[in-house]
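In what follows, a structure is listed as structure tokens, so that the remarks can point back to it.
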Amino acid sequence: IVLDDKNGGFGGTTLTVSAGTLSNTGTLRSTDTSGGGGTLTLAAQVTNTGPLDIDHDLTVANASKTFDTTAGTLDVLSGKTLTVSGTGGTALFGTGTVLTGTGTVLMGGGTALNLSTNFTLAATAATLSLNGTGGTTVGGAGTFIVATGATQSVVADTFNAALTNQGTVTVSGGGGS
């Protein structure tokens with residue numbers, strides 16, 4: 001699947017799956033071949049077991065839905081952001097979740113991060129920003145592991161899951177806990 005802002009930024013591009021789940025076992029790519037800089041949105045419940053290749057900012061609008069990437073790769077290009085956002089939405093990470101690239105994965109307002117199994121933030125991972133509007137609640141049966149050489153910022157976030165720090169966790173302002 002290729003989400004492309006070919007219309008040059010006039011209104012953006014949205015893929016909506018209103019019933020059922022979008023299962024990605026291949027590659028889902030966000031791009032902007034026109035250079036117009038318009039918005040790209042994926043409005044769906046998603047199960048990702050393949051790579052999401054983020055070459056242009058992409059928002060996964062998952063209000064009251066689940067974005068499951070417990071066995072998938074999120075590859076975000078430098079300067080680009082994958083935002084998972086929506087009131088009552090959940091992002092599922094686990095042992096098979098791999099973050100690559102030098103861009104940012106943002107857990108936006110209202111989205112909880114649930115660890116189905118242990119999740120390791122590697123030193124070479126894309127930046128994982130939990131600093132969405134109102135903070136992010138991290139929960140689940142797994143452990144959030146910040147690996148040696150990795151850095152995780154906590155601002156207004158709550159950890160209801162185990163946290164193992166082998167790298168650097170920075171807690172600042174906003175009342176993170």
Side-chain angles (χ1 to χ4, degrees), residues 24 28 30 39-48 51-177:
N24 179 53
L28 191 150
S30 68
T39 60
L40 296 177
T41 303
L42 176 59
Q45 178 149 312
V46 177
T47 298
N48 177 50
L52 262 62
D53 185 11
I54 309 303
D55 295 338
H56 183 70
D57 294 338
L58 174 66
T59 297
V60 177
N62 75 324
S64 301
K65 295 181 176 90
T66 300
F67 175 75
D68 180 350
T69 188
T70 54
T73 298
L74 306 177
D75 181 12
V76 187
L77 187 68
S78 177
K80 303 303 176 190
T81 301
L82 169 63
T83 302
V84 181
S85 183
T87 302
T90 301
L92 293 176
F93 281 21
T95 303
T97 303
V98 178
L99 305 183
T100 62
T102 54
T104 300
V105 177
L106 170 65
M107 293 297 123
T111 297
L113 177 57
N114 192 350
L115 308 176
S116 61
T117 56
N118 294 349
F119 165 70
T120 301
L121 182 68
T124 57
T127 299
L128 177 59
S129 177
L130 303 176
N131 306 326
T133 305
T136 298
T137 299
V138 179
T143 299
F144 190 108
I145 302 166
V146 179
T148 302
T151 300
Q152 181 61 53
S153 175
V154 176
V155 177
D157 311 303
T158 300
F159 278 78
N160 292 330
L163 173 64
T164 299
N165 180 38
Q166 300 166 344
T168 302
V169 175
T170 304
V171 180
S172 60
S177 55

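Just so you know, these numbers come straight off a predicted model, no measurement behind them.
Listed here is the closest heavy atom pair of A141 and S116: CB-O, 4.2 Å. Of all the heavy atoms in L130 and T136, the pair that sits closest is O-OG1, 2.9 Å. Closest non-hydrogen pair, A125 versus L121, comes out as CB-CD1, 3.8 Å. Heavy atoms only, all atoms of each residue included: T102 and S78 are closest at OG1-CB, 3.0 Å. Taking all atoms of both residues into account, the shortest heavy-atom contact from N62 to A44 is CB-O, 4.3 Å. Closest approach of L58 and L42 over heavy atoms only: CD1-N, 4.0 Å.
The structure places CZ of F67 at 9.5 Å from CG of L92, a figure rounded to the nearest 0.5 Å. Summarising the geometry, atom CG belonging to D157 is positioned 11.0 Å from atom CE belonging to M107; distances are rounded to the nearest 0.5 Å. Residue L128 holds its CG atom at 5.5 Å from CZ of F93, rounded to the nearest 0.5 Å. With rounding to the nearest 0.5 Å, the separation of CG in L113 from OG1 in T158 is 12.5 Å. Separation of atoms NE2 (H56) and OG1 (T81) is listed at 10.5 Å; rounding is to 0.5 Å. The distance from the CG atom of N118 to the CD1 atom of I145 is 4.5 Å, given to the nearest 0.5 Å.
Just one of T95, T143, T97 meets the side chain to side chain donor-acceptor pair (under 3.5 Å) condition when paired with T117; it is T95. Residue L77 forms a side-chain contact (heavy atoms from CB on, under 4.5 Å) with just one option from D55, D53, I54, and that option is D55.
Between F144 and V169 the shortest side-chain heavy-atom distance does not fall below 4.5 Å.
In this structure, T111 contributes its side chain and G86 its backbone to a donor-acceptor pair below 3.5 Å.
Judged by distance alone, the side chains of T66 and D68 never bring a donor and an acceptor atom under 3.5 Å apart.
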* Where do L52 and T69 land on the side-chain contact (heavy atoms from CB on, under 4.5 Å) test, with the steps shown first? -> CA-CA 10 Å; L52 262 62; T69 188; 5.9 Å; no
